[in-house]
Number of protein chains: 2
Amino acid sequence: MVNRKEIIDILKLRGYKLTRQRRAILDTITRSHSHLAPADVYEKVNKRYPGIGLVTIYRTLELLTRLGFICEAHSGNSCRSYMMRRSSGHHHHLLCSICYRVVDFTDCDLRQMEERLTRQTDFEIDSHLVEFVGRCHDCRRKN
Amino acid sequence: MVNRKEIIDILKLRGYKLTRQRRAILDTITRSHSHLAPADVYEKVNKRYPGIGLVTIYRTLELLTRLGFICEAHSGNSCRSYMMRRSSGHHHHLLCSICYRVVDFTDCDLRQMEERLTRQTDFEIDSHLVEFVGRCHDCRRKN
DNA sequence: AACGTAAATGAAAACGATTTTCATTTACGT
DNA sequence: ACGTAAATGAAAATCGTTTTCATTTACGTT
């Protein structure tokens with residue numbers, strides 16, 4: 001996983017300014033282990049660093065996604081929620097539907113499936129989307 | 001796959017009225033082999049059956065989803081696009097990113113993956129989302 | 001075949017999420 | 001400390017979706 005320090009270095013390197021707002025958003029997303037919709041990020045950020053606009057949240061999320069530091073989830077929360085990219089390479093997510101916690105996993109057997117599908121359908125497969133949704137240990141115990 | 005006739009019978013049976021609009025929308029979705037965002041459905045429907053409102057499209061898509069006749073795609077087109085449910089049981093989609101064609105596949109090895117993840121993370125897994133995105137034979141040839 | 005009724009529709013308004021615009025502020029190299 | 005281009009915030013615009021409500025329609029009953 002890329003840590004906050006490294007991200008800041010890369011931002012500098014690429015000529016992006018290190019603003020109070022970007023620090024705050026990075027800090028918040030790094031700290032959280034959930035997948036967060038833009039509005040969630042806004043709320044969380046403003047608790048610790050008041051006065052940061054929603055527009056800036058959107059712009060920063062867009063930037064961090066473009067640079068590959070965060071990635072999207074499709075199931076659960078909202079159809080467009082973000083979380084830190086913890087594993088740098090090819091990986092997928094396991095989402096808790098109660099606390100929005102995210103667990104990454106990298107070892108997927110989909111290559112075989114992909115090859116089989118390519119053979120059977122003559123598609124040239126470019127990408128795949130895999131997410132598991134469940135309830136984590138802690139949330140199950142609380143219910 | 002459930003055909004148009006069967007769907008109409010089930011609608012009647014459950015007390016839903018068979019309106020011009022519902023017929024038109026069913027006809028259009030059944031005919032198409034792509035995944036369609038609500039706006040796409042609206043456009044297609046109105047080519048053949050003019051004068052059907054977008055609101056009705058939304059309501060009918062909601063109904064057909066609730067009854068399980070159509071299902072959603074998350075990748076590609078829009079984060080919320082619909083297509084006929086062709087296989088009735090557990091299945092997944094392979095989407096063409098150019099013509100929006102959809103191919104269903106049922107045999108996935110995810111049970112094993114699910115079990116492994118359950119063991120490793122102590123999540124109780126409720127569902128999974130799997131989609132492959134690629135370019136189909138025809139679209140590749142055209143480029 | 002006409003009637004009555006509840007359900008379905010359409011138009012407009014409301015709504016929520018996201019994007020654009022533009023004037024002001026800020027980070028950072030000089 | 002200064003200058004400049006980039007970043008921000010507030011407001012407006014835009015887009016997709018939902019709600020409201022008056023009108024229309026499908027369909028069971030006479």
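Order of the sequence lines fixes the chain letters, A, B, ..., with proteins taken first and strands second; residue numbering starts at 1 for each chain.
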query: Does D/dT17 have OP1 or OP2 sitting under 4.0 Å from an N or O in the side chain of B/Arg80?
result: yes
message: One pair to check against side chain to side chain contact (heavy atoms under 4.5 Å, CB included): B/Ile25 and B/Ile57. What are the steps and the verdict?
response: CA-CA 7 Å; B/Ile25 293 169; B/Ile57 305 286; 3.8 Å; yes
query: Is it true that atom CD of A/Glu43 has more than 12 heavy atoms of other residues, nucleotides or ligands lying nearer than 6.0 Å?
result: no
message: D/dT8, OP1 or OP2 - any side-chain N/O from A/Thr19 closer than 4.0 Å?
response: yes
- prompt: Do any side-chain nitrogens or oxygens of A/Arg22 fall under 4.0 Å of OP1 or OP2 in D/dA7?
  reply: yes
- line: Each base of DNA chain C marked ( ) or [ ] if paired in-strand (Watson-Crick or G-U under 3.5 Å), | if paired to another strand and . if unpaired gives ||||||||||||||||||||||||||||||
message: Please report the distance, rounded to the nearest Å, between CG in A/Leu63 and P in D/dA6.
response: 14 Å
query: A/Val55 or A/Thr60: which one's nearest nucleotide on DNA chain D is closer to the 5' end?
result: A/Thr60
Note: B/Asp122-A/Arg140 ion pair, threshold 4.0 Å (strictly below): yes
- prompt: Rounding to a whole Å, what distance do you find between B/Asn46:CG and C/dT9:P?
  reply: 13 Å
- line: Per atom distances to the A/Leu18 side chain, the nearest of C/dA27, D/dA11, C/dG10 is C/dA27
task: To the nearest 0.5 Å, tell me how far B/Tyr100 OH sits from B/His35 NE2.
output: 6.5 Å
query: Residues in disulfide bond (SG atoms under 2.5 Å apart) with A/Cys79, at least two apart?
result: B/Cys79
- request: Find the distance A/Ile25:CD1 to D/dA7:C1' and express it as a whole number of Å.
  value: 11 Å
Whole-Å distance separating the CG atom of B/Leu11 from the C1' atom of D/dT25: 16 Å
- prompt: Which nucleotide sits closest to the side chain of A/Arg59: C/dT9, D/dA10, D/dC27?
  reply: D/dA10
message: Just to be sure I understand the rule, does A/Gly15 reach a base, reach only the sugar-phosphate, or reach nothing, if contact means heavy atoms closer than 4.0 Å?
response: nothing
- request: Can you tell me the distance, in whole Å, between the CZ atom of B/Arg14 and the P atom of C/dA8?
  value: 14 Å
query: Which residues pass the salt bridge (Lys or Arg N to Asp or Glu O under 4.0 Å) test with A/Arg31, sequence neighbours left out?
result: A/Asp27
- prompt: Are any of B/Thr56's side-chain N or O atoms less than 4.0 Å away from OP1 or OP2 of C/dT9?
  reply: no
- request: Using atom CG of B/Leu54 as one end and atom C1' of D/dG16 as the other, report the distance to the nearest whole Å.
  value: 9 Å
task: With the side chain of A/Lys17 defined as its heavy atoms from C-beta on, choose the nearest nucleotide among D/dT18, D/dA7, C/dT21.
output: D/dA7
- line: Whole-Å distance, B/Lys12 NZ to D/dC27 P, equals 7 Å
statement: B/Tyr42 atom OH is separated from D/dT17 atom P, nearest whole Å, by 14 Å
message: Counting only heavy atoms not in A/Arg14 (residues, nucleotides, ligands), do more than 12 fall under 6.0 Å from its CZ?
response: no
- prompt: Under 4.0 Å: is that the gap between some side-chain N or O of B/Gln21 and OP1 or OP2 of D/dT24?
  reply: no
task: Over 60° means perpendicular and under 30° means parallel, so classify the ring planes of A/His92 and A/His128, tilted if in between.
output: tilted
